[in-house]
Amino acid sequence: MAIVSDAATTSSEEQRRAAGPQVWPPGTQLVGGSANLKGSSLRPFFIYNSLSRSVEEFIALDRDRVTYYSCGPTVYLRQHLGNMRSYIFADTLKRALEFNGYAVRHVMNITDVGHMTSDEDAGEDKVEKTARAEGRSPQEVAHFYRDLFLADLNVLNIEMPEVICAASDHIADMIALIARILERGFAYVAHSGVYFDVEKYRGANRRGRLSRQSLDEQHAGQRLEHAPDKKSPHDFALWVLNQPTHLMQWDSPWGRGYPGWHIECSAMAMKYLGATIDIHSGGIDHVPIHHENEIAQSESATGRPFVRYFVHHAFLVGMEGAKISKSAGKFPVLEDLIRARVNPLAFRLFCLSAKYRSELVFSIDAVRAAERNLYYLYGFAASAPVEEADSPWTQAYRERFQAALNDDLNTPEALAVVLEMVNKAYRDNDRRICGTLKQFDRVLGIRLAEQFEYLKRLKVPADIQALIDERAQARSKKDFGRSDELRMQLQARGWEAKDNRDGTSEYMPRWN
RNA sequence: GGCGGCGUACCCAAGUGGUUAAGGGGGAGGUCUGCAAAACCUCUAUGCAGCGGUUCGAAUCCGCUCGCCGCCUCCA
C-alpha cells in the first residue's frame, strides 16, 4: 500500500524545484500555445499552498502545462456575489498562469446531486429541496440554475473552463472510484450506505493535513443522529442507500441510491486531469471537510498524492463584517448590481482590488469606486492609438505587473501598476501603451481590448445625429443656451457630450 | 471547548523588520475650458486597535488587553 508520506512528497518536490530552473531558465521564450503571449516568459510564480501553509514557488508537474480543478456551484439557487468572487478568483489565477506562459487545463464541476442540507433529521438533497419547493423536477432545477450561472460567468467575462462537468453525468465514474476504495479496504458497506472508513485511513496518517485538526478535536458527528450503522461518526458517505423518498437514484453494485457529495470532485478531477493534479482551489470554508475528504478518498483509491497545490480564497463579507452566505438568506446577486446601474465588470475590478486571501468588504459604493477605475481605463482605451508600437518605458510596467501577479497573485498591486501606467501616459502625453494594456487585460478580463475600437465602431442613431448636428450649429453661432439645452437632451438619451479645446465635440453613449 | 483569521486615513485596500506607509474612491484647492465633462497637478495617516517587550531600527516579530469574524453542521 503506497500511501505517499509527507516526507516523500517533500523530497520529490525538492528534486522538482532543483530541476525546474534548468529546464526553464528565467527569460526562456515559450513556443507553441503560449507563443502569442509576447513578452511574457516563464518566471517563478509563487502561490500560497494550504497543504504547507506557506507561499511556495509553483512548479507544474508537466513543465508548462497545468492541471487545475476548481470547485463549482451547487445548482439549487442563484449564485450570489460572494460565489462570484470565487469564480473571478479562479479565473484570475488561471489567467495569471496563462500570462506566465502556462497552458492551463481547467476543470469545474457542477453539483446537481448529493449535496445535502443538514437542517432536518434525515438531511435532504439541496437540489431536490428546491425542486419540491418550486414544483419542478430536480433536472429542471439543476438546468435552470446552471444556465443562470453560466450566463453570470459570461457577464463577468470569466473564461469558460476547458471542462465543465455535472455530477449526475458521472455516476459511473463515481461508482468505479468507490469500488476502488472498497477494494483497497478504506470503505465498508452498511445498510444506509457505503462509508469511507476514516479510522482505517487515520492509520495512514493523512487526514488532518489541511485543517491541522485532529479528529478528536472536532466535535464530529455530534449532531448527526442518522446513519447509526456508521462505524464512526467521522465516517462520511460515498454512496447513500435505502433512502426511498430521494428522487434521484441510480443502480450500483451495492444497491439503488445516490452518491455522497465529496466523491464527485475526486472522480471528475481524476477523470479529466489524472491521479495527481497541480492545483485545486475553492473557498476557505472547504478546508476542513470537503477538501479533507476529497484527499482521503482520492489518495486511498490511487495511493498517490491527489493535489500538489491547494489554494483557498477568503470570503466576500457584508458591511457588518458578516459573511454573505446562502444560509443567512439575504445576499446580493449580479442582477442587484445591474439594477443599481453598476457595470458588472466593475465588480470584477472590485474583486481584483483586494488579495484573494483577504476578506473583502462589499458595498455598492466600493464597487462604484472600482467602476470609476473601469471607466478611466475605458476612456483611455477609446481614444488610444492602437496601431502604434508601445513606448519602451512600458516594459518596466509590464515587469512590475507580472512581478505582482507572481507574488501570490497580488492583484491590488498589479492594478496599481496599470493605473500608474495610464496616468503616466496621460501626464507625459505619450499614449503608446495599447499593446501592454491589451496584455494586462488578458489577466484583468475587463474587455478593455474591445474598447480600443469603440469609437470607430460606434453607430450613431439618426435622431441622435440630428441633435448633434443642431448642437454643432448652435455652438458655431455661440448660442450656448441652446447648446447646453441640447446637451441635456442628449444626456437624457444616454449620450455624453464632450467639447474639446479646438471647438470640436465628441459624443459617446454612457457605458452603463 | 478546539482550529483559524482580522483590526492601516472618511470609504475600499496593498505593505509583514530598514529610504518620504502603494493604489483607488471621496473631499479641498488649482490648470485647461463659453459652460460642463474628461484629463492633469497639489493637498488629504509623524502614524498602522491599545499597552508592554525584543531590536541600532517594528504597522511588520513576541506577550497581554480590547473589538470583530470564520470554521468545527450545508456553505465560495
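Source: prediction; values computed, not measured. Here is the naming used below: chain letters follow the sequence lines, and residue numbers restart at 1 for every chain. The figures here come from the full heavy-atom set of this structure, side chains too, leaving out hydrogens, waters and symmetry mates.
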Novice: A:His313 NE2 to B:G5 C1': how many Å, rounded?
Specialist: 15 Å
Novice: Where does RNA chain B form stems of at least three consecutive Watson-Crick or G-U wobble pairs, each pair having both distances below 3.5 Å?
Specialist: B:1-7 with B:66-72, B:10-12 with B:23-25, B:26-31 with B:39-44, B:49-53 with B:61-65
Novice: Go nucleotide by nucleotide along RNA chain B from the 5' end; which of A:His290 and A:Ala369 gets its closest nucleotide reached first?
Specialist: A:Ala369
Novice: Over all strands shown, is A:Leu415 touching base, sugar-phosphate only, or nothing at heavy-atom distances under 4.0 angstrom?
Specialist: nothing
Novice: In the structure I gave you, are the side-chain heavy atoms of A:Ile364 and A:Leu337 within less than 4.5 Å of one another anywhere?
Specialist: yes
Novice: Calculate the interatomic distance between A:Trp261 atom CH2 and B:U73 atom P; express it in whole Å.
Specialist: 13 Å
Novice: Once you round to the nearest 0.5 Å, how far does CD of A:Glu371 lie from CG of A:Asp365?
Specialist: 11.5 Å
Novice: Are any side-chain N or O atoms of A:Thr411 and backbone N or O atoms of A:Leu352, one a donor and one an acceptor, separated by less than 3.5 Å?
Specialist: yes
Novice: Could you work out the separation of B:A13 and B:C56 based on their P atoms and round it to a whole Å?
Specialist: 36 Å
Novice: In whole Å, what separates the P atom of B:U46 from that of B:C41?
Specialist: 24 Å
Novice: Can you tell me how far P in B:A21 sits from the matching atom in B:A39, rounded to whole Å?
Specialist: 28 Å
Novice: Is A:Arg85 close enough and on-axis enough to A:Phe315, meaning under 6.0 Å and within 45°, for cation-pi?
Specialist: no
Novice: Say you pick atom P in B:C64 and the same atom in B:C72; how far apart are they, in whole Å?
Specialist: 27 Å
Novice: Considering only heavy atoms from C-beta outward, does the side chain of A:Pro344 approach that of A:Ile338 to under 4.5 Å?
Specialist: yes
Novice: Just by protein heavy atoms under 4.0 Å, how would nucleotides 8-19 of chain B read 5' to 3' in B, S and -?
Specialist: ----SSSS----
Novice: C1' atom, B:A38 versus B:C48: distance in rounded Å?
Specialist: 35 Å
Novice: So do the side chains of A:Glu264 and A:Asn109 get within less than 4.5 Å of each other, counting heavy atoms only?
Specialist: yes
Novice: Establish, yes or no, whether a centroid distance under 6.0 Å links the rings of A:Phe380 and A:Tyr426.
Specialist: yes
Novice: Look at the aromatic rings of A:His312 and A:His291 and report parallel, tilted or perpendicular, splitting at 30° and 60°.
Specialist: tilted
Novice: Where along nucleotides 32-43 of chain B does protein come under 4.0 Å, by heavy atom, of base (B) or sugar-phosphate alone (S), with - for untouched nucleotides?
Specialist: SSBBBBSSSS--
Novice: Taking the P atom in each of B:G30 and B:G18, what is the distance between them to the nearest angstrom?
Specialist: 40 Å
Novice: Please tell me if the side chains of A:Asn373 and A:Phe350 come closer than 4.5 Å, counting only heavy atoms from C-beta onward.
Specialist: no
Novice: Rounded to whole Å, please give me the gap between CD in A:Glu292 and P in B:G4.
Specialist: 13 Å
Novice: Expressed as a whole number of angstroms, how long is the span from A:Asp112:CG to B:C74:C1'?
Specialist: 17 Å
Novice: Let me spell it out: for each of A:Cys71 and A:Ala416, pick the nucleotide of RNA chain B with the closest heavy atom. Which residue's pick is nearer the 5' end?
Specialist: A:Ala416
Novice: Between A:Glu420 and A:Arg400, does at least one N-O distance fall below 4.0 Å, as a salt bridge requires?
Specialist: yes
Novice: Closer than 4.0 angstrom, basic N to acidic O: yes or no for A:Arg487 and A:Glu496?
Specialist: no
Novice: Expressed in whole Å, how much space separates the P atoms belonging to B:G2 and B:U65?
Specialist: 14 Å
Novice: Answer yes when A:Asp430 and A:Lys424 have at least one side-chain N-carboxylate O distance shorter than 4.0 Å, and no when they do not.
Specialist: no
